[in-house]
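The structure under discussion appears below in the form of structure tokens.
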Amino acid sequence: MPELPEVETVRRGLEKSILNKKITEVIIKRKNVVKEPGVGQFKKGLIGKKVKGIIRRAKLIIIKLENNKYLIIHLRIAGWLEYGKQMEKARVVFKLSNEKYLNYMDQRLLGELRLRNSYEDLNFIKTLGPEPFDINSKQFQEIITKRKTNIKTLLLNQKVIAGIGNIYAQEALFLSGIDPQRPAYSLSNKEAGSLLKKIILVLKEGIKYGGSSVDTYRNIEGSKGGMEKRLKVYGRENEPCFSCGKAIAKIALAGRGTCFCAYCQK
DNA sequence: AATGGGACCTGCGCGC
DNA sequence: TGCGCGCAGGTCCCAT
């Protein structure tokens, strides 16, 4: 799924659905998705515990429990969480004290669940860059203008800036009129400032419309997002640019599909 | 130090 | 219809 807006949408949904509910049962159908601890300890640490908080950091959902343990969920590419009835295709099911279920769905089995005593010390989290909302344009300039990689690939590097993925990177670059292939250091201060503004704008728009359901992503209620209809370049190869009308191009950067308008983005 | 490619998985759509 | 291939919202590991 799941880039920052989708994960934030999930976080808000969880806050409404499972906060202060107790986990009464954990059914693990695919034990490989539970990365730590072992499935026995995983269940034992969760069953009978009340949910005390839902945190998002980058693309991670962090569920705080009353025993001060944290359930850390990374949805990776195809994961989502669905609340309500128990689902047949769920990989892990959490039964709650109100007789409802939280289903961990993940067609491709690339997602990860962890139960830990803390989350800040998880290596991935420790090495994350700042949230886009937490930096100003000067800090953003300092981050990107030292780097040689193309700007689009840099935006996907979670250690540089956290939460942006392949959809929103392409959208932000289109909105700021910057060619995704440009070396990061070649951006002027003005361009860097504009890019950060557009990143924040598009992420906020994504949150406002409940995320993008390009493929498997669903919100807590199992519904699609509304943002996928508002995307300007992602998934629009050969379709007309909304600004100039010429065909949207698609190239690969660091192995990832990248759509952009070669006329509007310089 | 930083970059690119492959690996991890499954399922879908496309062309032949 | 059936099959093989390429591709998919993310991140890690390894060789260079």
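Note that these values count all heavy atoms, side chains included, but never hydrogens, waters or copies made by symmetry. Only a predicted model underlies this, so the values are computations on that prediction, with no experimental measurement involved.
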Contacts under 3.5 angstrom, residues 68-75 of chain A side chains, donor-acceptor by atom type, not counting sequence neighbours:
residue : atom : partner  : partner atom : Å
A/Lys69 : NZ   : A/Asn117 : OD1          : 2.9
A/His74 : ND1  : A/Arg76  : N            : 3.0

For the pair made of CD1 in A/Ile251 and P in B/dG4, what is the distance, rounded to whole Å? 12 Å
side-chain hydrogen bond (donor to acceptor under 3.5 Å, both in side chains) involving A/Arg230 - partner list, sequence neighbours excluded: A/Glu205, A/Tyr209
Identify, with sequence neighbours excluded, every residue that meets side-chain contact (heavy atoms from CB on, under 4.5 Å) alongside A/Asn150. A/Lys152, A/Thr153, A/Leu253
Keeping the roles fixed (side chain from A/Glu171, backbone from A/Val233), state whether a donor-acceptor pair exists under 3.5 Å. yes
Interatomic distance where CZ belongs to A/Arg147 and C1' belongs to B/dT3 [whole Å]: 11 Å
Filter on side-chain hydrogen bond (donor to acceptor under 3.5 Å, both in side chains), then keep only pairs touching residues 36-50 of chain A, sequence neighbours left out; what's left? A/Glu36-A/Arg114, A/Glu36-A/Arg116
Quick one: do A/Phe174 and A/Phe260 end up in the same hydrophobic cluster if we chain Ile, Leu, Val, Met, Phe, Trp and Tyr together by side-chain heavy atoms under 4.5 Å apart? no
What pairs with A/Asn98 under side-chain contact (heavy atoms from CB on, under 4.5 Å), at least two apart in sequence or on another chain? A/Lys21, A/Tyr83, A/Leu96, A/Lys100
In whole Å, what is the span from the CG atom of A/Leu253 to the C1' atom of C/dA8? 16 Å
What residues, two or more places apart in sequence or in another chain, satisfy side-chain hydrogen bond (donor to acceptor under 3.5 Å, both in side chains) together with A/Gln158? none
Interatomic distance at P, C/dC3 relative to B/dC8, whole Å: 25 Å
A/Glu112 CD - C/dT11 C1' separation (whole Å): 8 Å
Looking at DNA chain C, which of residues 151-166 of chain A put a heavy atom within less than 4.0 Å of it? A/Gln158, A/Lys159, A/Gly165, A/Asn166
Partner residues of A/Ser118 under the side-chain hydrogen bond (donor to acceptor under 3.5 Å, both in side chains) criterion, sequence neighbours left out: A/Asp121
What integer distance in Å separates A/Glu237:CD from B/dC14:C1'? 13 Å
Between C/dT11 and A/His74, is there an OP1 or OP2 to side-chain N/O distance shorter than 4.0 Å? yes
What interatomic distance, in whole Å, is found between C1' of B/dC12 and the corresponding atom of C/dT11? 23 Å
B/dG5 and C/dG6, which share atom name P, separated by this distance in whole Å: 15 Å
For A/Pro240 and A/Ile248, which heavy atoms make the closest approach, and how far apart are they? C-CG1, 4.4 Å
Count I, L, V, M, F, W, Y as connected when their side-chain heavy atoms are under 4.5 Å apart, and connections chain through other members. Are A/Tyr263 and A/Ile151 then in the same cluster? no
State the dot-bracket string of DNA chain C. Criteria: Watson-Crick or G-U wobble, both atom distances under 3.5 angstrom; notation: ( ) intrastrand, [ ] crossing earlier pairs, | interstrand, . unpaired. .|||||||.|||||||
A/Val202 vs A/Met227, test: side-chain contact (heavy atoms from CB on, under 4.5 Å). Steps then yes/no. CA-CA 10 Å; A/Val202 79; A/Met227 185 62 189; 4.1 Å; yes
Please state how far atom CD1 in A/Ile125 lies from atom P in C/dT11, giving the value in whole angstrom units. 12 Å
Do nucleotides 8-13 of chain B as a string where each nucleotide becomes B, S or -: B if the base has a protein heavy atom under 4.0 Å, S if just the sugar-phosphate does, - if no protein is that close. BBBS--
Reckon A/Tyr168 touches a base, only the sugar-phosphate, or nothing at all at heavy-atom distances under 4.0 Å? nothing
Are A/Tyr104 and A/Ile54 joined in one hydrophobic group, where the rule is that I, L, V, M, F, W and Y side chains link up if heavy atoms are under 4.5 Å apart? yes
Any side-chain N or O of A/Lys148 under 4.0 Å from OP1/OP2 of B/dT3? no
Name every donor-acceptor pair, under 3.5 Å, that has one atom in a side chain of residues 23-34 of chain A and the other anywhere in the protein, sequence neighbours excluded.
residue : atom : partner : partner atom : Å
A/Thr24 : OG1  : A/Lys95 : O            : 3.3
A/Lys29 : NZ   : A/Glu88 : O            : 3.0

Have a look at A/Lys250 and say if it touches a base, only the backbone sugar-phosphate, or nothing, with a 4.0 Å heavy-atom cut-off. sugar-phosphate
Taking atom NZ as the centre, does A/Lys85 end up with more than 12 heavy-atom neighbours from other residues, nucleotides or ligands that are less than 6.0 angstrom away? no
Rounding to a whole Å, what distance do you find between A/Lys35:NZ and C/dT11:C1'? 12 Å
Round to a whole Å and report the spacing from CG of A/Asn123 to P of C/dC12. 8 Å
Among residues 207-214 of chain A, which contact DNA chain C at a heavy-atom distance under 4.0 Å? A/Ser212, A/Val214
